[in-house]
Amino acid sequence: MAEFAIAPAPVPTVPVEGEAAAFPVRRILCVGQNYAAHRAEMGGDDRAPPFFFTKPADAVVPPGRDPAYPSRTQNLHHEIELVVAIGKAGADVPVDAALDLVFGYAVGVDLTRRDLQAAAKGAGKPWDSAKGFDDSAPISAIRRWAAAPPAGRIRLSVNGQSRQNATLADMIWNIPEIVSEASKLWKLAPGDLIFTGTPEGVGPLVPGDRVEGEIEGVGQLTFEVA
Ligand code: MN
């Protein structure tokens, strides 16, 4: 009989800016189509509220590591997103109390196998292989944050060329609304990350591309597609 070692799985972590302790990732929730211009470029329905999908916790790629180009796709896309790090448990949280759960914010890229997503959409099948693959969630260090949510520019460039350049103010659902809604669908707990959707300008990446993302006041994220 084969021998298997039974050991606890390692917990993925994201650094916290200026601190020795890292943020242990419990799970990753993602909002779809939360900017009107991106919803339009995806052919989304203007009347539909934004929706959630998930990635596994070990999809995170902390700063300093490069994500691998995934298998089985010919069309890997970048989606820069503000990421909310949850630091307090909560369920059914009203909008006006939602910010109490927020530990801080980070810059993330929701990497997407766009061809697999389009095929799944067309067939009414789930998105997991299009969104929740290995290395699909590069992220910056988390910045602790107690004030009103970030509201500045959100930008991404590839090899020095601007691809996405918008403002967080263009979000359809704001941060308290997203956290509140997520808490009605799941019990939120410390370690949860919420990707809050991407603005327009998503596009393809190929191996060797250098990706630079920035959210004003939150931080920067740089990686190369390996
Ligand atoms: Mn996204």
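Since the structure is predicted, the reported quantities are computational estimates derived from the model, not experimental observations. Note that ligands are numbered from 1 as they come in the structure, with each ligand's atoms numbered from 1 the same way.
- Here the rule is side-chain hydrogen bond (donor to acceptor under 3.5 Å, both in side chains) with Gln164, and of Glu79, His78, Glu81 only His78 fits it.
- Atom NZ of Lys125 sits in a sparse spot, with 12 or fewer heavy atoms from other residues, nucleotides or ligands closer than 6.0 Å.
- Taking the six-membered ring for Trp and the full ring otherwise, the centers of Trp127 and Phe51 sit less than 6.0 Å from each other.
- Counting only distances under 2.8 Å, and ignoring water, the protein N, O or S atoms around the Mn ion (ligand 1) are Glu79 OE1, Glu81 OE2, Asp110 OD2.
- Shown here is Asp134, whose CG atom has no more than 12 heavy atoms of other residues, nucleotides or ligands within 6.0 Å.
- Scored by the side-chain hydrogen bond (donor to acceptor under 3.5 Å, both in side chains) test, Asn75 finds His77 as partners (sequence neighbours excluded).
- Note: Trp145 and Phe103 fail the aromatic proximity criterion, with ring centroids not under 6.0 Å apart.
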